[in-house]
Amino acid sequence: PLLGWNCCVLDSACSELFPFVDDNYLSGWICLTMVLLGCIVYAYAHVLWRARQHVAYMEKHQAQAGKQNARMRMDVMLAKTLVMVLAVLTLCWSPVLVLMIYSIFARLSDRLRKVFAFCSTLCLLNSMVNPIIYALRSKELFSSLRRVFSHFRRQLKASEESPEAESTHKSSVIET
């Protein structure tokens, strides 16, 4: 729409949510987004199905119990992480898409426009939440973060308890 093929130039119906976007363009964009989300859901479901098959196979052939059990637990943990990512993706994008579809067929109240604005923010947050989910589901990274935060907390407590440390810190700040 920014390149000139917007509803004002085309003399067509403008979207209620996006003032310069043609309703037909918005319908096409919604369809494309739904297809892409469907492909993502299918890909995640396929990965989960294959992980489930692998777990079943590993349980069947559990003769080598030691390393195989650890591998099986890791596969289950990865599958749970994928489910969490898929759930967050669905929760973040579904309300926006539903409101966009609704806006094509009916007028939105001011309250629904505010809800749409909030839900649009959820779509942006989805990109930020996925790395956090992956990071916190990793045992190594989670334990490293816990160590860093506990070390930081100990330093804060030590600086609060000793007034000499505070005066030393102030004098070193002044010197620099």
Side-chain angles (χ1 to χ4, degrees), residues 1-8 10 12-55 71-157:
L2 296 175
L3 297 175
W5 43 275
N6 57 39
C7 62
C8 296
L10 298 173
S12 58
C14 292
S15 167
E16 211 178 326
L17 291 173
F18 306 101
F20 294 110
V21 175
D22 180 52
D23 268 340
N24 294 327
Y25 173 78
L26 184 62
S27 300
W29 187 87
I30 290 169
C31 290
L32 176 67
T33 304
M34 297 288 276
V35 167
L36 290 174
L37 285 174
C39 290
I40 291 169
V41 168
Y42 172 77
Y44 277 139
H46 184 72
V47 167
L48 291 173
W49 176 68
R50 296 291 269 179
R52 186 171 171 87
Q53 277 185 330
H54 181 70
V55 167
R71 174 81 175 148
M72 189 168 56
R73 282 191 299 272
M74 187 175 77
D75 289 345
V76 170
M77 181 138 172
L78 288 173
K80 288 179 181 179
T81 302
L82 283 177
V83 167
M84 288 175 67
V85 168
L86 185 59
V88 168
L89 176 81
T90 304
L91 287 173
C92 287
W93 279 91
S94 295
V96 168
L97 292 173
V98 167
L99 286 170
M100 282 182 181
I101 292 169
Y102 182 75
S103 76
I104 292 173
F105 300 110
R107 288 197 61 78
L108 294 176
S109 66
D110 286 337
R111 184 174 171 270
L112 280 178
R113 286 179 188 216
K114 289 178 183 176
V115 169
F116 177 78
F118 172 75
C119 292
S120 297
T121 306
L122 289 178
C123 294
L124 295 174
L125 289 176
N126 180 49
S127 299
M128 185 180 77
V129 170
N130 285 345
I132 293 170
I133 291 172
Y134 283 119
L136 293 179
R137 296 288 294 173
S138 166
K139 287 182 182 180
E140 295 86 17
L141 187 60
F142 187 73
S143 64
S144 295
L145 285 173
R146 184 180 286 164
R147 279 194 307 267
V148 166
F149 284 127
S150 65
H151 179 71
F152 183 69
R153 248 186 285 150
R154 282 192 301 259
Q155 284 183 335
L156 281 177
K157 285 181 182 178

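All values below come from the heavy atoms of this structure, side chains included, with hydrogens, waters and symmetry mates left out.
Residues Pro95 and Cys119 approach most closely at CB-SG, 3.5 Å, considering heavy atoms.
Here the side chains of Lys80 and Val83 are not in contact, with every heavy-atom distance at 4.5 Å or above.
Between Ile30 and the options Leu26, Thr33, Leu32, a side-chain contact (heavy atoms from CB on, under 4.5 Å) holds for only Leu26.
Under the side-chain contact (heavy atoms from CB on, under 4.5 Å) criterion, Ser143 pairs with Arg147, sequence neighbours left out. The side-chain hydrogen bond (donor to acceptor under 3.5 Å, both in side chains) search around Ser94 returns none, not counting sequence neighbours. Shown here are the ring pair (Phe, Tyr, Trp, His ring centres under 6.0 Å) partners of Trp49, two or more places apart in sequence or in another chain: His46. Taking the side-chain contact (heavy atoms from CB on, under 4.5 Å) definition, one finds that Arg154 meets it with Ser150, His151, sequence neighbours left out. Taking Arg146 as the reference, Phe142 meet the side-chain contact (heavy atoms from CB on, under 4.5 Å) condition, with sequence neighbours excluded. Applying the side-chain contact (heavy atoms from CB on, under 4.5 Å) rule to Leu89 yields the partners Leu37, Ile40, Leu86, Trp93, Asn126; only residues at least two apart in sequence or on another chain are considered. The side-chain hydrogen bond (donor to acceptor under 3.5 Å, both in side chains) check on Thr81 picks up Arg137, with sequence neighbours excluded.
Residue pairs satisfying the side chain to side chain donor-acceptor pair (under 3.5 Å) criterion with at least one member in residues 112-125, sequence neighbours excluded, are listed as follows: Glu16-Arg113. Screening residues 106-141 for ring-ring contact (aromatic ring centres under 6.0 Å, His included) gives Phe18-Phe116 as the qualifying pairs, with residues at least two apart or on separate chains.
Between the CH2 atom in Trp29 and the CE atom in Met34 there is a gap of 10.5 Å [rounded to 0.5 Å].
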Output a table of donor-acceptor pairs, distance under 3.5 Å, between side-chain atoms of residues 97-109 and any protein atom two or more places apart or on a different chain; print 'none' if there are none.
residue, atom, partner, partner atom, Å
Ser103, OG, Met100, O, 2.7
Ser109, OG, Leu112, N, 3.3

